[in-house]
There are 2 protein chains.
Amino acid sequence: MNAVDTAVKLLQAKKIRPSLTRIHILAYLLSHPIHPTVDQIYQALLPQIPTLSKTTVYNTLDLLLENKLVKLVGVEQREKHYDANTKDHGHFFCRICEKIYDFSTPAAEIEAPEIKGFQIEVKNVSYSGVCSDCRHKNKHKEDEYEKFEGN
Amino acid sequence: MNAVDTAVKLLQAKKIRPSLTRIHILAYLLSHPIHPTVDQIYQALLPQIPTLSKTTVYNTLDLLLENKLVKLVGVEQREKHYDANTKDHGHFFCRICEKIYDFSTPAAEIEAPEIKGFQIEVKNVSYSGVCSDCRHKNKHKEDEYEKFEGN
DNA sequence: TTTTATTTTGTAATGATTACAAATTTGAAA
DNA sequence: TTTCAAATTTGTAATCATTACAAAATAAAA
(Lines give C-alpha, C1' and ligand atoms only; values in the text may rest on other atoms or scores of the structure.)
Protein backbone atom coordinates (compact mmCIF):
# COMPACT_ATOMS: atom_id res chain seq x y z
CA MET A 1 0.00 0.00 0.00
CA ASN A 2 1.33 3.41 -0.91
CA ALA A 3 1.84 6.23 1.54
CA VAL A 4 -1.21 8.19 0.42
CA ASP A 5 -3.56 5.29 0.95
CA THR A 6 -1.98 4.52 4.30
CA ALA A 7 -2.34 8.15 5.33
CA VAL A 8 -6.02 8.18 4.39
CA LYS A 9 -6.67 5.03 6.37
CA LEU A 10 -4.82 6.30 9.41
CA LEU A 11 -6.71 9.59 9.35
CA GLN A 12 -10.07 7.87 8.93
CA ALA A 13 -9.31 5.47 11.77
CA LYS A 14 -8.90 8.53 14.00
CA LYS A 15 -12.02 10.18 12.57
CA ILE A 16 -10.00 13.04 11.13
CA ARG A 17 -11.37 14.31 7.83
CA PRO A 18 -8.75 13.33 5.25
CA SER A 19 -8.31 16.67 3.57
CA LEU A 20 -5.76 17.04 0.79
CA THR A 21 -3.35 18.91 3.02
CA ARG A 22 -3.55 16.39 5.82
CA ILE A 23 -3.06 13.49 3.47
CA HIS A 24 -0.05 15.14 1.88
CA ILE A 25 1.61 15.96 5.18
CA LEU A 26 1.08 12.55 6.73
CA ALA A 27 2.01 10.74 3.50
CA TYR A 28 5.17 12.79 3.26
CA LEU A 29 6.16 11.79 6.78
CA LEU A 30 5.36 8.14 6.09
CA SER A 31 7.37 8.00 2.89
CA HIS A 32 10.29 10.15 4.10
CA PRO A 33 11.50 8.69 7.39
CA ILE A 34 14.11 11.40 7.75
CA HIS A 35 12.50 13.04 10.80
CA PRO A 36 11.82 16.30 8.99
CA THR A 37 11.20 19.72 10.50
CA VAL A 38 8.18 21.90 9.83
CA ASP A 39 10.17 23.86 7.29
CA GLN A 40 11.38 20.74 5.49
CA ILE A 41 7.82 19.50 5.16
CA TYR A 42 6.63 22.91 4.04
CA GLN A 43 9.34 23.27 1.40
CA ALA A 44 8.81 19.73 0.13
CA LEU A 45 5.07 20.14 -0.33
CA LEU A 46 5.00 23.69 -1.67
CA PRO A 47 5.39 22.64 -5.33
CA GLN A 48 2.41 20.31 -5.02
CA ILE A 49 0.28 22.64 -2.85
CA PRO A 50 1.25 26.17 -3.89
CA THR A 51 -1.21 27.77 -1.49
CA LEU A 52 0.19 25.88 1.49
CA SER A 53 0.83 27.97 4.57
CA LYS A 54 3.38 27.18 7.20
CA THR A 55 0.73 27.73 9.85
CA THR A 56 -1.22 24.89 8.29
CA VAL A 57 1.77 22.61 8.63
CA TYR A 58 2.01 23.55 12.31
CA ASN A 59 -1.73 23.07 12.83
CA THR A 60 -1.78 19.74 11.05
CA LEU A 61 1.20 18.39 12.93
CA ASP A 62 -0.42 19.41 16.22
CA LEU A 63 -3.53 17.52 15.18
CA LEU A 64 -1.51 14.47 14.19
CA LEU A 65 0.42 14.64 17.44
CA GLU A 66 -2.74 14.78 19.54
CA ASN A 67 -4.00 11.74 17.71
CA LYS A 68 -0.69 9.97 18.05
CA LEU A 69 -0.26 9.55 14.31
CA VAL A 70 3.12 11.23 14.58
CA LYS A 71 5.66 11.63 17.36
CA LEU A 72 8.06 14.36 18.26
CA VAL A 73 11.67 13.33 17.98
CA GLY A 74 13.19 14.15 21.35
CA VAL A 75 16.36 15.60 19.94
CA GLU A 76 17.40 18.91 21.46
CA GLN A 77 17.58 20.96 18.32
CA ARG A 78 16.39 24.44 17.59
CA GLU A 79 13.63 23.12 15.33
CA LYS A 80 11.32 20.28 16.20
CA HIS A 81 11.57 17.06 14.21
CA TYR A 82 8.63 14.79 13.46
CA ASP A 83 8.31 11.06 12.92
CA ALA A 84 5.38 9.06 11.56
CA ASN A 85 6.88 5.88 12.96
CA THR A 86 4.91 5.68 16.19
CA LYS A 87 6.36 2.39 17.34
CA ASP A 88 8.64 2.63 20.34
CA HIS A 89 12.18 3.28 19.19
CA GLY A 90 15.13 5.46 20.04
CA HIS A 91 16.82 8.25 18.12
CA PHE A 92 20.49 9.00 17.79
CA PHE A 93 21.48 12.50 16.70
CA CYS A 94 24.94 12.87 15.17
CA ARG A 95 26.34 16.29 16.02
CA ILE A 96 28.67 16.19 13.01
CA CYS A 97 26.43 15.27 10.07
CA GLU A 98 23.25 16.14 12.01
CA LYS A 99 21.52 13.01 10.77
CA ILE A 100 19.02 11.31 13.03
CA TYR A 101 19.28 7.54 13.22
CA ASP A 102 16.61 5.17 14.51
CA PHE A 103 17.46 2.38 16.85
CA SER A 104 15.46 -0.29 18.60
CA THR A 105 14.83 -0.06 22.30
CA PRO A 106 14.46 -3.14 24.48
CA ALA A 107 11.04 -4.72 24.31
CA ALA A 108 11.13 -5.10 28.07
CA GLU A 109 9.43 -2.16 29.68
CA ILE A 110 11.44 -0.03 31.96
CA GLU A 111 9.74 -0.65 35.28
CA ALA A 112 11.16 2.01 37.50
CA PRO A 113 9.69 1.95 41.00
CA GLU A 114 9.75 5.75 41.17
CA ILE A 115 7.06 6.09 38.53
CA LYS A 116 4.92 3.12 39.47
CA GLY A 117 1.28 4.01 38.94
CA PHE A 118 2.12 6.92 36.66
CA GLN A 119 0.18 7.21 33.43
CA ILE A 120 2.85 7.19 30.75
CA GLU A 121 1.62 8.80 27.54
CA VAL A 122 4.79 9.67 25.67
CA LYS A 123 8.14 7.95 25.74
CA ASN A 124 11.34 9.39 24.44
CA VAL A 125 14.76 7.79 24.23
CA SER A 126 17.37 9.82 22.44
CA TYR A 127 21.10 9.78 22.39
CA SER A 128 23.57 12.05 20.71
CA GLY A 129 27.22 11.94 19.81
CA VAL A 130 29.08 10.97 16.66
CA CYS A 131 27.84 8.35 14.25
CA SER A 132 30.04 5.63 12.84
CA ASP A 133 30.49 7.32 9.46
CA CYS A 134 31.61 10.59 10.97
CA ARG A 135 33.96 8.89 13.41
CA HIS A 136 35.83 7.34 10.51
CA LYS A 137 35.78 10.46 8.37
CA ASN A 138 37.11 12.61 11.17
CA LYS A 139 39.62 10.36 12.92
CA HIS A 140 41.92 13.28 13.64
CA LYS A 141 39.20 15.36 15.27
CA GLU A 142 37.95 12.57 17.43
CA ASP A 143 39.95 13.38 20.51
CA GLU A 144 38.31 16.77 20.92
CA TYR A 145 35.69 14.98 22.99
CA GLU A 146 36.29 12.02 25.22
CA LYS A 147 34.02 9.04 24.93
CA PHE A 148 30.95 9.30 27.10
CA GLU A 149 31.36 7.41 30.34
CA GLY A 150 28.05 6.08 31.61
CA ASN A 151 27.49 7.29 35.23
CA MET B 1 29.86 18.23 52.50
CA ASN B 2 27.68 21.20 51.66
CA ALA B 3 26.70 22.19 48.15
CA VAL B 4 29.11 25.12 47.95
CA ASP B 5 32.11 22.99 48.81
CA THR B 6 30.99 20.31 46.39
CA ALA B 7 30.55 22.91 43.68
CA VAL B 8 34.05 24.28 44.23
CA LYS B 9 35.56 20.81 44.07
CA LEU B 10 33.66 19.91 40.93
CA LEU B 11 34.73 23.11 39.21
CA GLN B 12 38.36 22.69 40.23
CA ALA B 13 38.37 19.10 39.02
CA LYS B 14 37.42 20.43 35.60
CA LYS B 15 39.95 23.27 35.82
CA ILE B 16 37.23 25.89 35.74
CA ARG B 17 38.00 28.91 37.86
CA PRO B 18 35.54 28.75 40.74
CA SER B 19 34.20 32.28 40.53
CA LEU B 20 31.46 33.36 42.90
CA THR B 21 28.83 33.23 40.19
CA ARG B 22 29.81 29.78 39.01
CA ILE B 23 29.86 28.43 42.55
CA HIS B 24 26.45 29.90 43.28
CA ILE B 25 24.87 28.52 40.12
CA LEU B 26 26.30 25.03 40.46
CA ALA B 27 25.59 24.92 44.21
CA TYR B 28 22.03 26.00 43.58
CA LEU B 29 21.56 23.17 41.10
CA LEU B 30 23.15 20.68 43.48
CA SER B 31 21.00 21.68 46.43
CA HIS B 32 17.76 22.17 44.50
CA PRO B 33 17.18 19.00 42.48
CA ILE B 34 14.01 20.46 40.96
CA HIS B 35 15.38 20.70 37.41
CA PRO B 36 15.15 24.48 37.29
CA THR B 37 15.04 26.71 34.23
CA VAL B 38 17.41 29.58 33.53
CA ASP B 39 14.84 32.00 34.87
CA GLN B 40 14.30 30.03 38.06
CA ILE B 41 18.03 30.00 38.73
CA TYR B 42 18.29 33.68 37.93
CA GLN B 43 15.39 34.66 40.21
CA ALA B 44 16.67 32.47 43.04
CA LEU B 45 20.18 33.93 43.00
CA LEU B 46 19.31 37.58 42.38
CA PRO B 47 18.93 38.43 46.10
CA GLN B 48 22.39 37.05 46.79
CA ILE B 49 24.04 38.43 43.63
CA PRO B 50 22.19 41.65 42.83
CA THR B 51 24.36 42.35 39.80
CA LEU B 52 23.66 38.96 38.24
CA SER B 53 22.75 39.02 34.59
CA LYS B 54 20.63 36.42 32.87
CA THR B 55 23.25 36.20 30.14
CA THR B 56 25.71 35.08 32.77
CA VAL B 57 23.36 32.30 33.81
CA TYR B 58 23.16 31.19 30.18
CA ASN B 59 26.92 31.42 29.74
CA THR B 60 27.65 29.55 32.94
CA LEU B 61 25.20 26.77 32.17
CA ASP B 62 26.75 26.37 28.73
CA LEU B 63 30.14 26.05 30.37
CA LEU B 64 28.86 23.52 32.89
CA LEU B 65 27.16 21.57 30.12
CA GLU B 66 30.34 21.40 28.04
CA ASN B 67 32.15 20.07 31.07
CA LYS B 68 29.38 17.64 31.87
CA LEU B 69 28.82 19.06 35.32
CA VAL B 70 25.16 19.51 34.47
CA LYS B 71 22.79 17.85 32.05
CA LEU B 72 19.88 19.10 30.03
CA VAL B 73 16.60 17.53 31.01
CA GLY B 74 15.15 16.16 27.79
CA VAL B 75 11.64 17.33 28.48
CA GLU B 76 9.94 19.06 25.59
CA GLN B 77 9.08 22.30 27.30
CA ARG B 78 9.32 25.86 26.11
CA GLU B 79 12.19 26.53 28.52
CA LYS B 80 15.17 24.29 29.04
CA HIS B 81 15.57 22.54 32.38
CA TYR B 82 18.90 21.74 34.00
CA ASP B 83 20.05 18.98 36.33
CA ALA B 84 23.27 18.69 38.31
CA ASN B 85 22.67 15.00 38.78
CA THR B 86 24.85 13.68 35.97
CA LYS B 87 24.29 10.02 36.74
CA ASP B 88 22.22 8.15 34.18
CA HIS B 89 18.57 8.44 35.05
CA GLY B 90 15.26 9.14 33.40
CA HIS B 91 12.82 12.01 33.76
CA PHE B 92 9.06 11.93 33.91
CA PHE B 93 7.19 15.15 33.15
CA CYS B 94 3.66 15.42 34.50
CA ARG B 95 1.55 17.51 32.15
CA ILE B 96 -0.89 18.37 34.95
CA CYS B 97 1.31 19.61 37.81
CA GLU B 98 4.30 20.11 35.49
CA LYS B 99 6.65 18.55 38.03
CA ILE B 100 9.63 16.60 36.76
CA TYR B 101 10.28 13.29 38.52
CA ASP B 102 13.51 11.32 38.42
CA PHE B 103 13.50 7.61 37.84
CA SER B 104 16.19 4.99 37.56
CA THR B 105 16.98 3.49 34.19
CA PRO B 106 18.20 -0.09 33.86
CA ALA B 107 21.88 -0.51 34.55
CA ALA B 108 22.11 -2.75 31.50
CA GLU B 109 23.18 -0.68 28.53
CA ILE B 110 20.86 -0.54 25.62
CA GLU B 111 22.90 -2.32 22.98
CA ALA B 112 21.02 -1.56 19.81
CA PRO B 113 22.71 -3.01 16.75
CA GLU B 114 21.75 0.05 14.69
CA ILE B 115 24.12 2.30 16.62
CA LYS B 116 26.95 -0.14 17.16
CA GLY B 117 30.23 1.72 16.94
CA PHE B 118 28.58 5.09 17.48
CA GLN B 119 30.17 7.43 19.99
CA ILE B 120 27.41 8.12 22.49
CA GLU B 121 28.03 11.36 24.35
CA VAL B 122 24.63 12.28 25.74
CA LYS B 123 21.79 10.00 26.77
CA ASN B 124 18.27 11.10 27.36
CA VAL B 125 15.34 9.05 28.58
CA SER B 126 12.19 11.01 29.28
CA TYR B 127 8.58 10.12 29.58
CA SER B 128 5.54 12.25 30.07
CA GLY B 129 1.98 11.75 31.13
CA VAL B 130 0.19 12.10 34.44
CA CYS B 131 1.85 11.42 37.76
CA SER B 132 0.27 9.36 40.49
CA ASP B 133 -0.78 12.35 42.58
CA CYS B 134 -2.55 14.05 39.70
CA ARG B 135 -4.27 10.85 38.61
CA HIS B 136 -5.89 10.56 42.02
CA LYS B 137 -6.71 14.25 42.29
CA ASN B 138 -8.33 14.32 38.86
CA LYS B 139 -10.12 11.01 38.66
CA HIS B 140 -13.00 12.55 36.71
CA LYS B 141 -10.75 14.12 34.10
CA GLU B 142 -8.75 11.00 33.53
CA ASP B 143 -10.72 9.67 30.61
CA GLU B 144 -9.92 12.68 28.45
CA TYR B 145 -6.82 10.77 27.43
CA GLU B 146 -6.57 7.05 27.04
CA LYS B 147 -3.69 5.26 28.63
CA PHE B 148 -0.62 5.12 26.45
CA GLU B 149 -0.31 1.81 24.66
CA GLY B 150 3.32 0.86 24.07
CA ASN B 151 3.90 0.21 20.34
C1' DT C 1 -29.36 27.74 -2.53
C1' DT C 2 -28.44 29.30 2.03
C1' DT C 3 -26.46 28.36 6.23
C1' DT C 4 -23.16 26.47 9.28
C1' DA C 5 -19.10 24.23 10.59
C1' DT C 6 -14.50 23.07 9.32
C1' DT C 7 -10.20 23.96 7.36
C1' DT C 8 -6.73 26.88 5.67
C1' DT C 9 -4.26 31.08 5.44
C1' DG C 10 -1.54 35.50 6.48
C1' DT C 11 0.05 38.65 9.71
C1' DA C 12 1.39 40.00 13.95
C1' DA C 13 2.93 38.80 18.57
C1' DT C 14 5.67 36.00 21.81
C1' DG C 15 9.59 34.85 24.24
C1' DA C 16 13.55 31.83 25.03
C1' DT C 17 17.97 31.97 23.41
C1' DT C 18 22.05 33.92 21.15
C1' DA C 19 25.32 37.52 19.39
C1' DC C 20 28.17 40.86 20.55
C1' DA C 21 30.76 44.46 22.41
C1' DA C 22 31.55 47.12 26.48
C1' DA C 23 32.55 47.05 31.32
C1' DT C 24 34.38 44.84 35.19
C1' DT C 25 37.15 41.80 37.72
C1' DT C 26 40.96 38.77 38.31
C1' DG C 27 45.61 37.05 38.41
C1' DA C 28 50.31 37.19 37.06
C1' DA C 29 54.45 39.71 36.21
C1' DA C 30 57.35 43.31 37.18
C1' DT D 1 51.75 47.80 45.15
C1' DT D 2 51.29 48.97 40.04
C1' DT D 3 50.63 47.51 35.40
C1' DC D 4 48.83 44.82 31.97
C1' DA D 5 46.55 41.09 29.70
C1' DA D 6 43.30 37.63 30.07
C1' DA D 7 39.10 35.97 31.84
C1' DT D 8 34.59 36.93 33.41
C1' DT D 9 30.40 39.36 33.68
C1' DT D 10 26.99 42.41 31.97
C1' DG D 11 23.34 44.89 29.06
C1' DT D 12 21.27 45.53 24.80
C1' DA D 13 19.88 44.21 20.55
C1' DA D 14 19.00 40.60 17.27
C1' DT D 15 17.22 36.00 16.01
C1' DC D 16 13.81 32.95 14.79
C1' DA D 17 10.83 28.90 15.76
C1' DT D 18 6.46 28.81 17.44
C1' DT D 19 1.86 30.58 18.74
C1' DA D 20 -2.25 33.65 18.65
C1' DC D 21 -5.74 35.22 16.20
C1' DA D 22 -8.97 36.66 12.97
C1' DA D 23 -10.14 36.65 8.18
C1' DA D 24 -10.74 33.92 4.04
C1' DA D 25 -11.75 29.81 1.70
C1' DT D 26 -13.75 25.44 1.48
C1' DA D 27 -16.81 21.67 2.45
C1' DA D 28 -20.91 19.66 4.44
C1' DA D 29 -25.64 20.13 5.97
C1' DA D 30 -30.16 21.85 5.71
Side-chain angles (χ1 to χ4, degrees), chain A residues 7-8 11-12 14-28 35-67 69-82 93 95 98 100, chain B residues 7-8 11-12 14-28 35-67 69-82 93 95 98 100:
Chain A
V8 171
L11 290 168
Q12 286 173 336
K14 294 285 185 178
K15 306 214 185 301
I16 300 168
R17 186 190 300 170
S19 69
L20 244 304
T21 309
R22 288 169 179 165
I23 296 169
H24 267 99
I25 290 174
L26 183 50
Y28 178 80
H35 319 92
T37 63
V38 164
D39 196 62
Q40 280 179 297
I41 298 168
Y42 173 72
Q43 299 298 344
L45 298 182
L46 207 47
Q48 307 163 58
I49 316 173
T51 62
L52 185 64
S53 152
K54 204 174 271 192
T55 301
T56 302
V57 181
Y58 277 106
N59 290 342
T60 304
L61 287 169
D62 282 348
L63 181 71
L64 299 177
L65 272 178
E66 281 165 29
N67 287 276
L69 293 179
V70 303
K71 285 173 78 174
L72 259 177
V73 176
V75 154
E76 307 279 350
Q77 290 300 108
R78 192 170 187 70
E79 296 172 75
K80 289 177 178 166
H81 290 255
Y82 295 85
F93 174 77
R95 64 172 166 78
E98 304 198 328
I100 297 171
Chain B
V8 171
L11 291 169
Q12 286 173 337
K14 295 285 185 177
K15 307 213 185 302
I16 300 168
R17 186 191 298 174
S19 69
L20 244 303
T21 309
R22 289 168 177 166
I23 296 168
H24 267 99
I25 291 175
L26 183 51
Y28 177 80
H35 319 93
T37 63
V38 164
D39 196 63
Q40 281 180 295
I41 298 167
Y42 173 73
Q43 299 298 342
L45 297 183
L46 207 48
Q48 306 163 58
I49 316 173
T51 62
L52 185 64
S53 151
K54 203 174 271 193
T55 301
T56 301
V57 181
Y58 276 106
N59 290 342
T60 303
L61 287 170
D62 282 348
L63 182 72
L64 298 177
L65 272 178
E66 281 166 27
N67 287 276
L69 293 178
V70 304
K71 283 172 78 172
L72 259 177
V73 177
V75 154
E76 306 279 350
Q77 291 300 108
R78 191 171 189 71
E79 295 172 74
K80 288 177 180 167
H81 291 255
Y82 295 85
F93 174 76
R95 65 173 165 78
E98 303 199 329
I100 297 171

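To find a chain, count down the sequence lines: A is the first, B the second, and so on, and within it residues start at 1. It should be emphasised that the depicted structure is a prediction, and the values quoted were computed from it without experimental measurement.
- Taken to the nearest 0.5 Å, the NZ atom of B:Lys14 stands 11.0 Å off from the CG atom of B:Leu63.
- Distance check: A:Leu52 CG to A:Thr60 OG1 gives 8.0 Å after rounding to the nearest 0.5 Å.
- OP1 or OP2 of D:dT9 has at least one side-chain nitrogen or oxygen of B:Thr21 nearer than 4.0 Å.
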Next item on the list: Let me see the working for A:Val73 and A:Tyr82 under side chain to side chain contact (heavy atoms under 4.5 Å, CB included), right down to the final yes or no.
Entry: CA-CA 6 Å; A:Val73 176; A:Tyr82 295 85; over 6 Å; no
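- In this structure, B:Glu76 places its CD atom 13 Å from C1' of D:dT18, rounding to the nearest Å.
- Look at CD1 on B:Ile23: it is 12 Å from P on C:dT26, rounded to the nearest Å.
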Checklist line | Intermediate values then yes/no, side chain to side chain contact (heavy atoms under 4.5 Å, CB included), A:Val38 and A:Lys80 | finding: CA-CA 7 Å; A:Val38 164; A:Lys80 289 177 178 166; 6.0 Å; no
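- Using a 4.0 Å heavy-atom criterion, one finds that B:Ser19 contacts the sugar-phosphate atoms exclusively.
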Check: Does the pair A:Leu45 and A:Thr21 meet the rule for a side chain to side chain contact (heavy atoms under 4.5 Å, CB included), with working shown?
Finding: CA-CA 9 Å; A:Leu45 298 182; A:Thr21 309; over 6 Å; no
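- Here the side chain of A:His81 pairs a donor or acceptor atom with the backbone of A:His35 at under 3.5 angstrom.
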Next item on the list: Heavy atoms under 4.0 Å is the rule here; annotate nucleotides 19-30 of chain D 5' to 3' with B where the base is hit, S where only the sugar-phosphate is, and - elsewhere.
Entry: BBB-----SS--
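- Looking at heavy-atom distances under 4.0 Å, B:Thr37 makes no contact with the nucleic acid at all.
- The stretch residues 45-52 of chain B comes close to DNA chain D through B:Thr51, B:Leu52, each having a heavy atom under 4.0 Å from the strand.
- Between the side chain of B:Arg22 and the backbone N or O of B:Ile16, no donor-acceptor pair lies under 3.5 Å.
- Here the P atom of nucleotide C:dT11 and the NZ atom of A:Lys54 are 14 Å apart, to the nearest Å.
- Atom pair B:Gln77:CD and D:dT18:P shows a separation of 14 Å (rounding to whole Å applied).
- Note: NE2 (A:His24) to P (C:dT7) measures 18 Å, nearest angstrom.
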Check: Does the side chain to side chain contact (heavy atoms under 4.5 Å, CB included) test come out yes or no for B:Phe93 and B:Gln77, once each step is laid out?
Finding: CA-CA 9 Å; B:Phe93 174 76; B:Gln77 291 300 108; 3.3 Å; yes
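- Distance CD1 (A:Ile16) to C1' (C:dT6): 13 Å, rounded to an integer number of Å.
- Atom CD1 of B:Ile41 and atom P of C:dT17 are 11 Å apart (whole Å).
- Here the side chain of A:Gln40 pairs a donor or acceptor atom with the backbone of A:Thr37 at under 3.5 angstrom.
- A:His81 has its NE2 atom 11 Å from the P atom of D:dA17, to the nearest Å.
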